[in-house]
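Note sheet for the following structure.
Residue numbering restarts at 1 for every chain, and letters A, B, ... go by the order of the sequence lines.
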Amino acid sequence: MTVWIPGRLVQAGCAVIAMTLIVFASLHLIGNPIDLLLPPDADAAERARMIAAFGLDRPLALQYLAFVERVLHGDFGLSFVYGTPAVALVLSRLPATLELAVLATALSIGLGIPLGLAAALRQSSPVGQALTGLSTLSYSLPAFWTGLLLILVFSVVLGWLPSTGRGQTVAMAGGEWSFVTLDGLRHLCLPVLNLAVFKTALILRLTKSGAQGTLVADHIRFARARGLTTWRIVFVHILRTILVPIIAVLGVEFGATVAFSVVTESIFAWPGMGSLFVESLHTLDRPVIVVYLATVVLIFIVSNMAADVLVRLADPRIRTGPL
Amino acid sequence: MIPTLLGRRASGDGGGSAGRSRFAFCAAIALLGLSLAAVGAPWIAPHDPYDLARIDMLDGRLPPGSTGASGPYWLGTDEQGRDLLSAILYGLRVSLGIGIGSALAAAVLGTAFGLCLACAGPRLARVLARAVDLQLAVPSILLAMMIIAVRGKSVVNVFFALILVEWAYYARAAYAAAVAELGRPYIEATEALGVAPWRIVLQHLLPNCMPPLTVILTAQIARAISLEATLSFLGVGVPITEPSLGLLIASGSQSFFSGHYWMIIFPGLFLVLLIVSLNVMGDEISIRIDGSLR
């Protein structure tokens, strides 16, 4: 383990360097900042002066180094729309997105694993088949449409839950959080449910196919021969075997959940960094777009590493294996 | 009772298999019907939703089943008075066309890349496989949104974005399948017979790599349709002149707080039916291939 973690850090570092290269290249693709910043009546001399001032006349490699230096100082530039540093702007929206993604992941684990076990243990019964069918359906539902349906049913028709905004928030640990107030929890219900639908179906499918494969394994047969109770077999022997792939997939999927909260945040007017990103795409607010993408890729790398550590803790066979 | 459940064979035989096949049959029928409806939209649609001269603003927001100036509207009308059923049929054309077209193009590109990778030396292959993994690490929706933000809204750009998002899945699968096949004796035998390398790849390697790629193709058509709908819903997809199902739902969502549920329900049901039947077909194909390989 002690040899392995630094190795992973080096890998993560390589991924971050690759990411800055891609971000830098896409910065150039989005368009020339001079065209946006220069007044329309400027002459050629003024244009040349501005290009020199931004360092855009230097070779691309030197521009990249200058970009990396600014990034290392945390300077991604000012938002064109808000006029404040892009990093501070995105970070101020981070707690809203994180609480959405974490709660949705927790809900999908809490629902997906028991339902998946039930579907595997009773696969020929109507309950098992209904669960399997339901998971295929939820796996296929486009998130934006389920979001609209949730609003239609719970907000418009029944009027039980609010459909926009975060509700009352409390300042804690450097951010505003909704999950600590009753009003905030009410506002969290629909967006979290919306974000969790796909993930729950995914975990249900994973758990079901894993458990089906494990049910016929020798160690389960021997456990039954030893006279262990069914509960013990299911929750200790089967669950431990199938937990490893589930953790690995969750690590990859957490980054995707953060990314897909773009859709949920847009529908429920949730003031997270995803809805900020959609706004920035429409206004072409370049620094904010770049910071948002960098943040998502960082979250992706960190959650992947965390999952790798957990997988190694859960599965002793990998711990001693090669990198 | 539960110990007998634990002891039962887990391969899905017995009652589950027949039910599953029936389900897959229904999915195939639905898929066929939707494809025919999409292809035949100009002939079977009761109205022409893009003929501005035939659209009456006074018929706007009529509920399903009502009759307006130019005949009955089975599924109601949208804000501009367009017949929703006709708009859905035309939207199905756009969604299905973009989904199938981009998935096929990505399949050809990705498979070619994967096969080349498998035939190249192991060192180059390892570096390039890392690049493919890196691309797969970027969430697809963000990549597609970036590309359309850079290049502007148009059907061609959505196409381009979807191909760029999807090709890596085929590349990885084709690479894995090809590496496994290359180690088999029949490849060695054809090499010993002096068959040209390009013929080995096209006539012997490619057909044997097809089964996993077919499964991915079906799943990826569904993914592409879903992703296109999501992009169009967020306003970074197809332009308003060629509305897909996603864009229909987006324009319907602007007025559904006032109870005009049909504008989001019906296009959504068609979209879900399309994606569900594709996924059910994909599952069925993968189960059958597994069965035939066993």
Query raised in the report: Can you tell if the side chain of A:L137 reaches within under 4.5 Å of the side chain of B:V272, non-hydrogen atoms only?
Result: yes
Requested in this report: Heavy atoms only: give me the nearest B:I275-A:P142 pair and the separation to one decimal.
Outcome: CD1-CG, 4.0 Å
Query raised in the report: Passes side-chain contact (heavy atoms from CB on, under 4.5 Å), B:I265 versus A:L148? Steps please.
Result: CA-CA 9 Å; B:I265 297 275; A:L148 291 174; over 6 Å; no
Query raised in the report: If you count heavy-atom pairs under 4.5 Å with chain A, which of B:V236, B:L234, B:L227, B:L274 comes out on top?
Result: B:L234
Query raised in the report: Rounded to the nearest 0.5 Å, how far does CD1 of A:I289 lie from CE of B:M145?
Result: 9.5 Å
Query raised in the report: Is the shortest heavy-atom distance from the side chain of A:V262 to the side chain of B:T230 under 4.5 Å?
Result: no
Report summary line: Whatever's closer than 4.5 Å to a heavy atom in chain A on B:L245 counts as neither
Query raised in the report: Rounded to the nearest 0.5 Å, how far apart are CG of B:D283 and OG1 of A:T132?
Result: 10.5 Å
Query raised in the report: Atom CZ of B:R223 and atom OG of A:S140: how far apart are they, to the nearest 0.5 Å?
Result: 12.5 Å
**Report entry** Side-chain donor or acceptor of A:W145 paired with backbone N/O of B:I264 under 3.5 Å
**Finding:** yes
Report task. Measure distances from A:V296 to the heavy atoms of chain B and classify the residue's part below 4.5 Å as side chain, backbone, both or neither. Result -> side chain
**Report entry** Interface moiety of B:A229 toward chain A, non-hydrogen atoms closer than 4.5 Å
**Finding:** both
Query raised in the report: Just wondering, do B:L142 and A:Y292 contact through their side chains at under 4.5 Å, heavy atoms?
Result: yes
Query raised in the report: Do A:I267 and B:F233 have side chains that get closer than 4.5 Å, going by heavy atoms?
Result: yes
